[in-house]
Q: 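Could you have a look at this structure, given as structure tokens, before my questions?
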There are 2 protein chains.
Amino acid sequence: MGRPKQFDPDVAVEQAMEVFWRKGYSATTPQDLVDALGIGKGSLYHAFGSKHRLFQAALERYRDSQVVDVVAMLEKPGPAKDRLRRVLTCLAEMDLADPDRRGCLAVNTAAELSKSDESAVGLVRRMFDQTEEAFRAVIEEGQRAGEIGPERDARAIGSLLLNTVVGLRLLARVADGPERLSRVIDAVIDSL
Amino acid sequence: MGRPKQFDPDVAVEQAMEVFWRKGYSATTPQDLVDALGIGKGSLYHAFGSKHRLFQAALERYRDSQVVDVVAMLEKPGPAKDRLRRVLTCLAEMDLADPDRRGCLAVNTAAELSKSDESAVGLVRRMFDQTEEAFRAVIEEGQRAGEIGPERDARAIGSLLLNTVVGLRLLARVADGPERLSRVIDAVIDSL
DNA sequence: CGAATTTTGTACCTACAGTTCAAGAAAAAG
DNA sequence: CTTTTTCTTGAACTGTAGGTACAAAATTCG
């Protein structure tokens, strides 16, 4: 009962996510959000409570769209190394093609956050865990397929790949060309 | 001539650097700076013009102290792989031991910056270039010493190592323990 | 010493961040 | 059709961000 919402909260969170992604948490103002979501300030605070709570929702949204997408890309069929290379290349290309150079929201948040924001730290940490785990799964498949040496520590390579993608997405924000990122991808894939 | 400054501008920039490093650019307020530098707002703005100009000075200071330190560590004598491992391990340990988990100011800035802040982008980019170049030099030494295969592309490995250290310092900000970082270091050193 | 120059401390200013509130509008329940 | 509930609009409010202005203080120069 009661008056129905004039906007879709899911859409609103998604739009908020875009703003936080583009500008960062601190630099995003209530006015930015009002403009992006197309609703009044009152509705905004009525629906989401505070800037910080909306940010949390946006982070969760990011996990459920972007991170899940990456994991899904990793789980596609095909040779393990090919999948890995394709995912890394795809991310690097997307990041460089983005005129705003937003990079990855989880990475940006990890860099901007103060340690005291336990809720956001937890979310980011879990996104990283999830990604590492997906990498590890691909490595293990590659090992079962005989493509990657069975003596290698799949978990360690998962960590390496997570670290690589985090680095790539950060470097992409300030890169002046694709060369360095390509070298990184080639080097890391060659090392497998 | 004129009244002499009551504070050392170099010291002030260093203290400002610490604040920006700990809180990030956006989250740092004039009051934070006044408190940290121990001078009045008037003197602050008279001496440095604006928050943004002071930030640039702080970034340059960071390059001249921290980045130069890392490069110096890399240039110490000894086997290339040992040097590389020691530098990576040292950075990871420092980052984890820091109660504020500040990570690296260049990395944090790359993540927080909007692309439109051309001055800061340039500074960060050059710090990255400098670091990559130092890594490459170590690799080439290792190749001359027969420690690393001469067929490997030293520049690509330099990029890989830069990317690795960037990733490590970002992951360190949210890591809940040293394990993942250790795995990354082991994996990347083993790949050389 | 007086003039010129630079720094300092304090007050002040405008704009906006981040949020709250009050009054009304739109629905469902009875 | 009233009551209840929820949402919306818009104004209002407190605090501070970021910076400016000004007069007093400390120095050098002539």
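Below, read A as the first sequence line, B as the second, and so on, with proteins coming before strands; counting in each chain starts at 1. Since the structure is predicted, the reported quantities are computational estimates derived from the model, not experimental observations.
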Q: Is a donor from one side chain sitting under 3.5 angstrom from an acceptor on the other, for B/Asp129 and B/Thr131?
A: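 Result is no, nothing qualifies.
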Q: With B/Lys51 as the cation and B/Phe20 as the aromatic partner, state whether NZ or CZ is under 6.0 Å from the six-membered ring centre and within 45° of the axis.
A: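 Cation-pi check for B/Lys51 and B/Phe20: fails.
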Q: Hey, where on DNA chain D does chain B first and last touch, going 5' to 3'? Cut-off is any atom under 4.0 Å from a heavy atom.
A: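 Going 5' to 3' along DNA chain D, contacts run D/dA17 to D/dC29.
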Q: Can you sort out which residues in residues 40-62 of chain A have a heavy atom within less than 4.0 Å of DNA chain C? Ascending by number, please.
A: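 The answer is A/Lys41, A/Tyr45, A/Ser50, A/Lys51.
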Q: Please report, rounded to the nearest Å, how far the C1' atom of C/dC16 is from the NZ atom of A/Lys23.
A: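 Computing the A/Lys23:NZ to C/dC16:C1' distance gives 13 Å.
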Q: Please test A/Phe7 against A/Leu37 for side chain to side chain contact (heavy atoms under 4.5 Å, CB included), starting from the C-alpha separation and ending with a verdict.
A: CA-CA 9 Å; A/Phe7 65 96; A/Leu37 309 208; 5.9 Å; no
Q: Under the side chain to side chain contact (heavy atoms under 4.5 Å, CB included) criterion, do B/Val166 and A/Asn163 qualify, and how do the steps go?
A: CA-CA 9 Å; B/Val166 164; A/Asn163 193 70; over 6 Å; no
Q: Does one side chain, of B/Ser114 or B/Asp117, offer a donor that lies under 3.5 Å from an acceptor on the other?
A: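 Short answer, no.
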Q: Contact class for A/Thr28 (heavy atom, under 4.0 Å): base, sugar-phosphate, or nothing?
A: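 Counting heavy atoms under 4.0 Å across all strands, the contact made by A/Thr28 is with sugar-phosphate only.
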Q: Could you please name the option among C/dT7, C/dG18, C/dA25 that lies closest to any side-chain atom of A/Arg3?
A: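 From the listed options, C/dA25 comes nearest.
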Q: Determine the interplanar angle of the B/Tyr25 and B/Phe55 rings, folded into 0 to 90°, and report it as parallel if under 30°, tilted if 30 to 60°, perpendicular if over 60°.
A: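 It falls in the tilted class, 30° to 60°.
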Q: Check for a donor-acceptor pair, side chain of B/Arg183 on one end and backbone N or O of A/Leu160 on the other, with a separation under 3.5 Å.
A: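 Judged by distance alone, no pair lies under 3.5 Å.
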Q: Pick the closest DNA chain C nucleotide for A/Tyr25 and for A/Pro4 by heavy atoms, then say which residue is nearer the 5' end.
A: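 Its nucleotide being nearer the 5' end, the pick is A/Tyr25.
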Q: Can you label the angle between the B/Tyr62 ring and the B/Trp21 ring as parallel, tilted or perpendicular, going by 30° and 60°?
A: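 Answer is perpendicular, since the angle exceeds 60°.
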Q: Quick check: closest heavy atoms across A/Met127 and A/Ala106, and the distance to 0.1 Å?
A: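 Scanning both residues, the minimum pair turns out to be SD-CB, 4.1 Å.
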Q: Name every residue in residues 6-15 of chain B that has at least one heavy atom under 4.0 Å from any atom of DNA chain C, in order of residue number, or write none if there are no such residues.
A: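 Result for residues 6-15 of chain B: B/Gln6, B/Phe7, sorted by number.
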Q: For atom CZ of A/Arg155, decide whether the heavy atoms of other residues, nucleotides or ligands shown that lie under 6.0 angstrom number more than 12.
A: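 Result for CZ/A/Arg155: open.
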